[in-house]
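One structure is given below, encoded as structure tokens.
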Amino acid sequence: QVQLVESGGGLVQVGGSLRLSCAASGRTFSSFYMGWFRQAPGKEREFVARISFGGHNTYYADSVKGRFTISRDNAKNTVYLQMNSLKPEDTAVYYCAAQMGVVMSTHPSGINYWGEGTLVTVSS
């Protein structure tokens, strides 16, 4: 088991920045591929970004590429999502995700563990 707790969401204006954090507890953090998904009102949960066990490989959804950066600190059991140049369409609940032992799926049904989510609202 692993427990995931997100923080850092909030209200930001268009073009602004936020940094989300996800603190993990439980099993060995470095054994998990980590990532972020988001779910906007009335829409399905969608993949945002993922990062490999040691942090050397990252992958992003096209919609956030060049604006968002995922990183992790295995010593602190924490994964981050730096979000820049935010747009109204980035408004969503952002969920931290963990997948043990394999490359993280980009489909929500393939995820082992979820956090409770943190709301990001981008106002125009």
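Computed from heavy atoms alone, side chains included, the values below leave out hydrogens, waters and symmetry copies.
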Hey, what do you get for CZ (F32) to CZ (F53), rounding to the nearest 0.5 Å? 9.5 Å

Between the main-chain N or O of M104 and the side-chain N or O of R50, is there a donor-acceptor pair closer than 3.5 Å? yes

Rounded to the nearest 0.5 Å, what separation is found between the CG atom of L81 and the CD atom of E6? 11.0 Å

For the backbone of T91 and the side chain of T121, can you confirm whether one donor and one acceptor N or O come within less than 3.5 Å of each other? no

Rounded to the nearest 0.5 Å, what's the gap from OG on S109 to CZ on R45? Could you check? 11.5 Å

Would a single hydrophobic cluster contain both V93 and V48, if residues Ile, Leu, Val, Met, Phe, Trp and Tyr are joined by side-chain heavy-atom contacts under 4.5 Å? no

Please check if the number of heavy atoms outside Q3 that lie under 6.0 Å from its CD is greater than 12. yes

So, do V14 and P88 sit near enough that their side-chain heavy atoms are less than 4.5 Å apart? yes

When rounded to the nearest 0.5 Å, the distance separating CD1 of I70 from CD of Q82 is 12.0 Å

Quick check: are there more than 12 heavy atoms from other residues, nucleotides or ligands sitting under 6.0 Å from CD of Q13? no

Whether over 12 other heavy atoms sit under 6.0 Å from K65 NZ: yes

Euclidean distance, C22 SG relative to W114 CH2, rounded to 0.5 Å: 11.0 Å

Shortest non-hydrogen pair, S85 vs S17, comes out as N-OG, 4.4 Å

Would you call K76 and S21 a side-chain contact if the rule is heavy atoms closer than 4.5 Å? no

Under 4.5 Å between side-chain heavy atoms, hopping through other hydrophobics if needed: is there a path connecting V102 to Y33? no

Is it true that the side chains of H107 and S105 contain a donor and an acceptor less than 3.5 Å apart? no

Does R72 reach the main-chain N or O of F29 with its side chain, forming a donor-acceptor pair under 3.5 Å? yes

Heavy atoms only: give me the nearest N74-G54 pair and the separation to one decimal. ND2-CA, 4.2 Å

Non-hydrogen atoms of S123 and L11 that approach each other most closely: CB-CD1, 4.0 Å

If you measure from the Lys or Arg side-chain nitrogens to the Asp or Glu carboxylate oxygens, is any gap between K87 and D90 under 4.0 Å? no

Of all the heavy-atom pairs spanning V79 and C96, show the shortest one and how long it is. CG1-SG, 3.8 Å

Residue pair L20 / V120, side-chain heavy-atom distance below 4.5 Å: yes

If hydrophobic clusters are built by linking Ile, Leu, Val, Met, Phe, Trp and Tyr wherever their side-chain heavy atoms come under 4.5 Å apart, do L18 and I51 end up in the same one? yes

Name the residue from F47, Y113, Y94, Y95 that meets the ring pair (Phe, Tyr, Trp, His ring centres under 6.0 Å) definition with F37. F47

Can you see which heavy atom on I111 is nearest to which on Q99, and at what distance? CD1-OE1, 3.6 Å

Heavy-atom count around Y59 OH within 6.0 Å, excluding the residue itself: above 12? no

Any chain of hydrophobic side-chain contacts (each under 4.5 Å) joining V122 to M83? yes

Atom pair CZ/OG1 of R67 and T69 - distance to nearest 0.5 Å: 11.0 Å

Closest approach of L4 to A24 (non-hydrogen atoms, all atoms of both residues): CD2-CB, 3.7 Å

